[in-house]
Amino acid sequence: MNPDFADRQSPSIPSGGMSSVPLIVDDLSTAHGGPSGGYEDPLLAGLNPQQRIAVEYRGPALLIVAGAGSGKTSVLTRRIASLIGTREAWPSQILAITFTNKAAAEMRERVGALLGQTAEGMWISTFHSACVRILRREAENFGFTKSFTIYDSHDSRTLIKRIIKDLQADTYGFTVAGVAGKISKLKNELADADSYARTANFNDPQEELFVEIFRQYTRSLNAANAFDFDDLIGQTVYLFRAFPNVAEHYRRRFRHILVDEYQDTNHAQYALIRELTRPVTEGTGFDERSAGLPGASLTVVGDSDQSIYAFRGADIRNIVEFERDFPGAKTVLLEQNYRSTQNILTAANAVISNNFDRKDKKLWTDVGDGEKITGFTGYSGHDEAQFVADEIAKLHDSGTPYKDVAVFYRTNAQTRALEEIFIRSAVPYRVLGGTRFYERAEIKDVLAYLIAVANPRDALALRRILNTPKRGIGPATETALGFFAESNEVSYRDAMRRSTELGLGPKVTQAILDLATLLDEATEMIDPERNAGPVTVAEILTLLLDRSGYVVALRAGRDPQDEARAENVEELVAVTKEFQKNNPGGSLVDFLTEVSLVAAADELDDTSGTVSLMTLHTAKGLEYEAVFLTGVEEDLLPHRMSASEPGGPAEERRLFYVGITRARKRLYLSLAMTRAQYGETAVAMPSRYLQEIPAELIDWRQSPGMATSRGGTQPRALNANRSSGGGFASRTPSRASDSLSFTDRALPRVKAEWPNRVTAQVRDNGDLELEPGDRIRHTDFGEGRVNAVTGEGTKRVAHVQFDAAGSKKLLIKIAPIEKI
DNA sequence: TGCTAGTATATTTTT
DNA sequence: TATACTAGCA
């Protein structure tokens with residue numbers, strides 16, 4: 001079994017039994033039959049030789065090249081526990097960087113469990129969280145306050161949009177997306193407006209204008225006491241470089257730095273690590289006892305085959321050139337996989353070996369071949385989704401809990417078909433990422449109120465709430481306030497307080513004053529000097545909602561979605577209460593920070609009992625008993641947009657590889673012949689990567705070859721522009737017969753699978769009553785017999801045995817069925 | 001100022 | 001398809 005998994009299954013300390021050896025809490029020793037007996041260090045129990053080295057090695061720099069599923073999380077956790085357990089380091093001297101907050105929380109818990117106590121003072125967090133913590137502490141050094149706002153990409157774009165409009169830069173062909181992308185890229189390279197200006201060619205009016213946009217953007221952020229996502233890293237690096245005493249403080253503090261998913265670090269993150277691991281030279285500090293110190297020891301873990309974030313500046317060279325960057329570094333290779341079956345690994349190895357310029361690395365396991373990979377080609381995205389839903393139902397019936405099943409896709413848009421079918425088939429699911437809760441307009445509105453209270457300098461937040469709910473304050477007034485603030489060199493909030501000086505209509509002026517008063521009152525509530533008792537976030541939020549009339553206005557709205565929006569706001573109130581429960585002393589700023597930095601994977605709830613749907617990117621670092629990789633088509637995987645980018649197809653292949661290696665026992669690859677994309681349906685071709693998997697590993701329920709020839713006339717030339725082998729599965733001539741035989745095998749099945757075709761219809765059957773024994777007709781599946789009815793009200797589910805399409809579960813209210 | 005209806009327009013992945 | 005933005009009217 002996989003150590004990662006074993007750890008996760010038993011996060012708490014087992015009560016009974018071997019209490020004399022409290023250190024063995026993550027039953028690794030039993031997990032994969034590790035070395036028995038002896039008085040060996042329990043932290044090493046069950047580890048293979050390479051893993052042991054990775055835990056025990058001590059030196060300035062260690063690179064752990066960890067293939068997928070090689071137990072790296074476990075190794076990292078034990079390494080930290082070992083450092084603390086042997087008293088080589090205090091918990092407070094440890095800084096561990098993970099990719100998500102959830103991974104951080106898990107790691108902290110596991111280290112605590114390994115040590116038998118919670119290790120206070122460790123910093124285990126994401127790059128962004130760690131930087132926010134540092135920045136909040138040091139903000140006053142350089143013109144910010146502790147309560148600065150974190151702008152997400154949406155906020156950045158709003159700001160950029162305004163600047164482009166002000167400068168009329170759109171006439172020069174500047175788009176919001178283009179500018180935002182360029183600024184982000186520059187910031188990831190640690191460039192700022194000034195440094196960029198130095199290299200810019202001012203003969204080019206476009207470039208000059210861009211510099212101006214960049215300057216104004218930076219100025220706006222400063223004025224608003226705000227950082228954007230990229231700033232969080234970049235400004236921390238700047239802080240360390242500009243204030244050596246600040247840097248020294250953190251260098252002295254963090255003696256052991258560990259970074260997970262190192263292959264996905266960008267230049268700014270790399271620079272941050274470099275700054276933190278510099279030696280402290282003697283006498284630089286103000287402290288009398290400031291003796292010199294060598295640089296902190298650095299451990300990085302990663303796998304260049306899993307680098308999938310180049311688009312946001314991740315630089316694979318960081319890991320590839322680690323040994324050169326950190327001379328004397330030790331490298332450990334973890335190749336044994338404890339997660340997947342050999343069939344899955346062989347497929348993964350075969351795919352990734354098509355990427356050139358990589359160090360050859362082969363994952364292996366000793367758990368055996370396992371089952372074959374299942375392949376399926378649907379006629380449409382809905383058909384494919386139906387296949388997934390059916391297979392999930394089968395898995396569930398044979399004892400695989402829903403929570404151990406995941407469905408992956410390349411783009412968020414693909415969720416639509418899946419969701420429609422899942423709802424209809426009564427498969428409980430949860431979509432991670434996508435349009436996130438905190439990105440919804442109503443949530444952003446309400447958060448803007450909180451931000452305006454916490455950070456009075458934030459003009460963006462103020463402008464957002466100025467007329468939400470409607471107060472009769474239009475864009476003209478909004479601009480007037482901004483102009484007033486600028487020309488009098490006061491904050492936007494001040495301008496609101498002094499709105500009587502603007503000579504606006506009495507109604508508008510009063511509306512502005514009322515809002516300003518409300519915000520001032522709320523700000524006073526959180527001021528510890530003026531307010532005796534502690535105030536909870538929920539209290540502030542409730543005050544703001546009540547007095548602003550936001551929810552009331554929503555409820556009064558005519559839009560049918562308004563009710564749902566109001567519920568979302570209620571949900572947010574519940575979130576604040578939950579936050580306060582988990583963080584009794586948590587401030588408003590703490591809450592806003594947490595909200596700003598949630599990652600898609602953080603939304604995962606292991607106890608939910610639902611199937612998880614997510615993009616391949618979100619899937620990184622996770623693992624599931626059964627994995628469905630959907631939409632394995634050209635233009636989707638690899639995505640069309642990536643084709644023209646240098647290194648694009650190779651990165652997409654890594655993405656596919658990441659997806660494959662998430663599966664423990666069962667892997668399903670599916671695609672569709674046609675895919676609906678914004679209204680139109682387009683013909684889809686099987687992904688080139690499918691051919692890279694040896695044919696004998698895949699059991700095609702309905703093969704791409706079959707599906708095409710079924711169409712009758714001219715079979716689509718699947719491989720016309722690819723390998724000359726001819727058959728889809730025949731990469732090598734020797735396999736030609738194989739390809740034939742799998743075609744034969746697939747043939748008789750086609751009939752049975754044909755009824756899988758599904759049309760996208762939404763209907764409402766009202767209170768259709770069904771009882772076991774009833775015969776029904778389904779528009780797609782034909783006639784069948786109801787075996788059972790479960791559930792209540794709108795969630796009643798019929799278990800139907802169809803004559804041709806097999807057994808299915810249908811949500812009675814919306815399934816396209818009628819009683820016969 | 002606010003609402004409606006129409007058109008445009010974009011669609012990769014995310015902290 | 002679904003959202004975003006604009007123009008035009010109340």
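The basis for the numbers below is simple: all heavy atoms, side chains too, and nothing from hydrogens, waters or symmetry mates. On a predicted model such as this, the values are computed, not experimentally measured, just so you know. Sequence lines set the chain letters: A, B, ... in the order given, protein chains first and strands last, and positions in each chain run from 1.
Taking the six-membered ring where tryptophan is involved, the planes of A/Tyr250 and A/Phe254 are essentially parallel, since the angle between them stays under 30° and well short of 60°. Between A/Tyr668 and A/Phe628, the two ring planes are parallel [angle under 30°; tilted spans 30° to 60°].
Evaluation of atom-type donor-acceptor distances gives no pair under 3.5 Å for the side chain of A/Arg312 against the base of B/dT15. For B/dT12, the base has no donor-acceptor partner in the side chain of A/His639 [N/O atoms by modelled type, under 3.5 angstrom].
Atoms CZ (A/Phe99) and P (B/dT14) sit 10 Å apart, rounded to a whole Å. Here B/dA10 presents its C1' atom at 12 Å from CD of A/Gln677, a figure rounded to the nearest Å. In this structure, A/Ile233 atom CD1 and B/dT14 atom P are separated by 18 Å, rounded to whole Å. In this entry the distance linking NZ of A/Lys161 with C1' of B/dT9 reads 13 Å, nearest Å. Atom CG of A/Asp264 and atom P of B/dT15 are 12 Å apart (whole Å). Protein atom CG of A/Leu616 is 11 Å distant from nucleotide atom C1' of B/dT12, rounded to whole Å. As rounded to whole Å, 18 Å separates atom C1' of B/dT13 from atom CZ of A/Arg653. In this entry the distance linking CD1 of A/Ile308 with C1' of B/dT14 reads 10 Å, nearest Å.
Across B/dT13, B/dT15, B/dT12, the shortest atom-to-atom separation from the side chain of A/Met641 is found for B/dT12. Of the candidates B/dT14, B/dT12, B/dT15, B/dT12 carries the atom nearest the A/Arg410 side chain, counting heavy atoms from C-beta on.
For A/Thr149, the side chain to side chain donor-acceptor pair (under 3.5 Å) partners two or more places apart in sequence, or in a different chain, are A/Asn455, A/Asp458. Under the rule for a side chain to side chain donor-acceptor pair (under 3.5 Å), A/Gln677 has no partner lying at least two apart in sequence or in another chain.
Residue A/Ser596 has no polar side-chain atom (N or O) positioned under 4.0 Å from OP1 or OP2 of B/dT15. Checking the phosphate oxygens (OP1, OP2) of B/dT12, no side-chain nitrogen or oxygen of A/Asn412 falls inside 4.0 Å. For A/Thr615, no side-chain nitrogen or oxygen approaches OP1 or OP2 of B/dT12 to under 4.0 Å.
Between A/Tyr309 and A/Phe311, a ring centre-to-centre spacing shorter than 6.0 Å is recorded.
Contact footprint of chain A on DNA chain C: nucleotides with an atom under 4.0 Å from a non-hydrogen protein atom, first to last in 5' to 3' order, C/dT1 to C/dC5.
Across the P atoms, B/dT13 and C/dA4 are found 15 Å apart, a figure rounded to whole Å.
Sequence order on DNA chain B of the closest nucleotides to A/Leu597 and A/Ser642 puts A/Ser642 first from the 5' end.
Look at A/Phe127 and the base of B/dT15; the rings do not stack under the cut-offs of 5.5 Å between centres and 30° between planes.
Taking the ring axis of A/Phe408 as reference, the NZ or CZ atom of A/Arg662 does not stay both within 45° of it and closer than 6.0 Å to the ring centre. Figure legend: cation-pi geometry between A/Lys620 and A/Phe99, with NZ or CZ positioned under 6.0 Å from the six-membered ring centre and within 45° of its axis.
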Pairs under 3.5 angstrom only: tabulate donor-acceptor contacts from the side chains of residues 647-659 of chain A to other protein residues two or more places apart or in another chain.
| residue | atom | partner | partner atom | Å |
| --- | --- | --- | --- | --- |
| A/Glu651 | OE1 | A/Arg654 | NH2 | 3.3 |
| A/Glu651 | OE2 | A/Ala310 | N | 3.2 |
| A/Glu652 | OE1 | A/Arg410 | NH1 | 2.7 |
| A/Glu652 | OE1 | A/His639 | N | 2.8 |
| A/Glu652 | OE2 | A/Arg410 | NH1 | 2.6 |
| A/Arg653 | NE | A/Glu692 | OE1 | 3.0 |
| A/Arg653 | NE | A/Glu692 | OE2 | 3.4 |
| A/Arg653 | NH1 | A/Asn355 | OD1 | 2.7 |
| A/Arg653 | NH2 | A/Glu692 | OE2 | 2.7 |
| A/Arg654 | NE | A/Ser307 | O | 2.6 |

Please report, to 0.1 Å, the donor-acceptor pairs under 3.5 Å made by any side chain of residues 170-183 of chain A, with sequence neighbours excluded.
| residue | atom | partner | partner atom | Å |
| --- | --- | --- | --- | --- |
| A/Thr171 | OG1 | A/Gln168 | O | 2.7 |
| A/Thr175 | OG1 | A/Gly178 | N | 3.0 |
| A/Lys182 | NZ | A/Tyr196 | OH | 3.2 |

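A heavy-atom distance below 4.0 Å to DNA chain B is reached by these residues of residues 464-477 of chain A, ordered by number: A/Asn467, A/Lys470, A/Gly472, A/Gly474, A/Ala476, A/Thr477.
Residue contacts shown for A/Ala599 are limited to sugar-phosphate atoms, with no base heavy atom under 4.0 Å away. Residue A/Arg640 is out of contact with every strand shown, counting any heavy-atom pair closer than 4.0 Å.
The minimum heavy-atom distance linking A/Ala684 with A/Ala672 is given by the pair CB-O, 3.4 Å.
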